[in-house]
Amino acid sequence: MIFGPGIEDYIRSLVPEPDDVLAEMQAHAERDDIPIVYPETGRLLEVLIAMTAARAAVEVGTAIGVSTLHIARALAAGGTVVSFEVDPGRHEAARAYLGRAGVGDRVDLRLKDGTEGLAELEGPVDFVFLDAAKGDYPGQLALALSLLRPGGAVAIDNVLLSGAVTAGRPRTHWSEEDVLTMRAFNADLVADGRVTATVLSVGDGVAVAVRR
Ligand SMILES: C[S@@+](CC[C@H](N)C(=O)[O-])C[C@H]1O[C@@H](n2cnc3c(N)ncnc32)[C@H](O)[C@@H]1O
């Protein structure tokens, strides 16, 4: 049993210090209570992008651009991440931050519903990150799988719901229905013959699936 107290802090301590713009974005998110990826999840995204040598990436749920920055920085030369967000204020904040972070030419930020956006995209793409409304995951995953090239990967955040997916854990702000829905989502993903998939206990839980 290694998931005792301290392990999460230890893994986080291994993540390189953020540069000035990323630190400012993280402080903004903390101040305004905007949910963003944990630092170790950001690092995992960079690793997955590197593993898939991704040039064409897609994200649903830009918020103010923290995960977008991790993805953009890890893309292969000439790569682009298309990122969908429905909140105009967050979308504009992301545009400003990502420009200042020097990745403005690697990001294509779209103020648009992610499900609609995914349906309109043409593949193949190398990498997809889903991090918007959790109830939309099944539909968005289906669209992502239709876009991914063989060997491409999709990562989905918050699939352990702050631990609420396990029996006997406090539900925090997640409802019983959220828990049942997420359990079914994880089980269906891992059993899906179109992918090789697993759930990682990184950050708030990240499911990773590689397209066959
Ligand atoms: C958890 S936050 C994203 C955090 C971001 N990925 C990061 O780690 O920096 C989820 C975001 O998804 C946005 N969102 C919710 N539903 C959406 C949808 N259908 N399409 C696009 N964005 C959506 C919310 O406005 C919110 O900013």
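Counting starts at 1 for both ligands and their atoms, in listed order. This one's a predicted model, so the numbers in the text were calculated from it and none came from an experiment.
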What atoms of ligand 1 come within less than 4.0 Å of a heavy atom belonging to [X]?
{"X": "A63", "answer": "3 (C), 4 (C), 5 (C), 27 (O)"}
{"X": "F84", "answer": "21 (C), 22 (N)"}
{"X": "V66", "answer": "9 (O)"}

Answer yes or no for [X]: is there a heavy-atom contact with ligand 1 below 4.0 Å?
{"X": "M25", "answer": "no"}
{"X": "V86", "answer": "yes"}
{"X": "T62", "answer": "yes"}

For this session: Please determine if E46 and R43 form a salt bridge, counting it only when a charged side-chain N lies under 4.0 Å from a carboxylate O.
Result: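 Yes.
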Output yes when a side-chain donor or acceptor of [X] lies under 3.5 Å from a complementary backbone atom of [Y], and no otherwise.
{"X": "E85", "Y": "A63", "answer": "yes"}
{"X": "D113", "Y": "E116", "answer": "yes"}
{"X": "N186", "Y": "V159", "answer": "yes"}
{"X": "R149", "Y": "D126", "answer": "no"}
{"X": "R211", "Y": "L145", "answer": "yes"}

Which residue holds the protein heavy atom closest to [atom], what is that atom called, and what is the gap in Å?
{"atom": "atom 20 (N) of ligand 1", "value": "G114 N, 2.8 Å"}
{"atom": "atom 2 (S) of ligand 1", "value": "P35 O, 3.4 Å"}
{"atom": "atom 7 (C) of ligand 1", "value": "S67 OG, 3.1 Å"}
{"atom": "atom 8 (O) of ligand 1", "value": "V37 N, 2.8 Å"}
{"atom": "atom 19 (N) of ligand 1", "value": "D113 OD1, 2.8 Å"}
{"atom": "atom 10 (C) of ligand 1", "value": "D131 O, 3.1 Å"}
{"atom": "atom 24 (C) of ligand 1", "value": "E85 OE2, 3.4 Å"}

For this session: Report the C-alpha distance between E24 and R100 in whole Å, list the side-chain angles of each, state the deciding distance to 0.1 Å, and finish with yes or no for side chain to side chain contact (heavy atoms under 4.5 Å, CB included).
Result: CA-CA 11 Å; E24 198 181 324; R100 285 176 50 212; 2.7 Å; yes
Consider only side-chain N and O atoms of [X] and [Y], and report whether a donor and an acceptor are under 3.5 Å apart.
{"X": "T181", "Y": "D178", "result": "no"}
{"X": "T196", "Y": "R212", "result": "yes"}
{"X": "D32", "Y": "H28", "result": "yes"}

For this session: With atom 27 (O) of ligand 1 as the reference point, say which of R90, E59, Q26 has the nearest heavy atom.
Result: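 Residue with the shortest heavy-atom distance to the ligand atom: R90.
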For this session: For atom 16 (N) of ligand 1, state which one of A94, G65, G89, A132 supplies the nearest heavy atom.
Result: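 Nearest option to atom 16 (N) of ligand 1, by heavy atoms: A132.
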Exercise. Judging by distance only, is a nitrogen or oxygen of G61 under 3.5 angstrom from one on ligand 1?
Worked result: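 G61 vs ligand 1: N/O contact under 3.5 Å present.
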